[in-house]
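Inspection log for the structure reproduced underneath, given as structure tokens.
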Amino acid sequence: MAPGISEILAIIKEQQEKDPPRIRRVGKQRMRYALTGRPRGRKRTILDKRAERLSAEVTAAPPPVE
């Protein structure tokens with residue numbers, strides 16, 4: 001025959017008293033975010049690099065002589 005609810009609750013209470021209570025983290029402590037030292041933002045693509053190079057060439061080029 002299956003044990004009664006009171007017996008099951010008594011077993012659970014014994015286990016809870018035997019084990020130490022768990023310390024639950026709340027808020028930002030839960031994240032444990034560590035800085036990696038890498039800059040934020042998206043990765044520069046080939047098109048981004050090309051656009052920067054072209055804009056640098058345009059600004060560095062002397063104005064046309066008339």
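For reference, positions follow the sequence shown, starting with 1.
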Would a distance-only check, ignoring hydrogens and angles, find a side-chain to backbone donor-acceptor pair under 3.5 Å from D19 to Q16? no

So how far is it from I46 CD1 to R53 CZ, rounded to the nearest 0.5 Å? 10.0 Å

Can you confirm whether more than 12 heavy atoms, excluding those of L54, are under 6.0 Å from its CG atom? yes

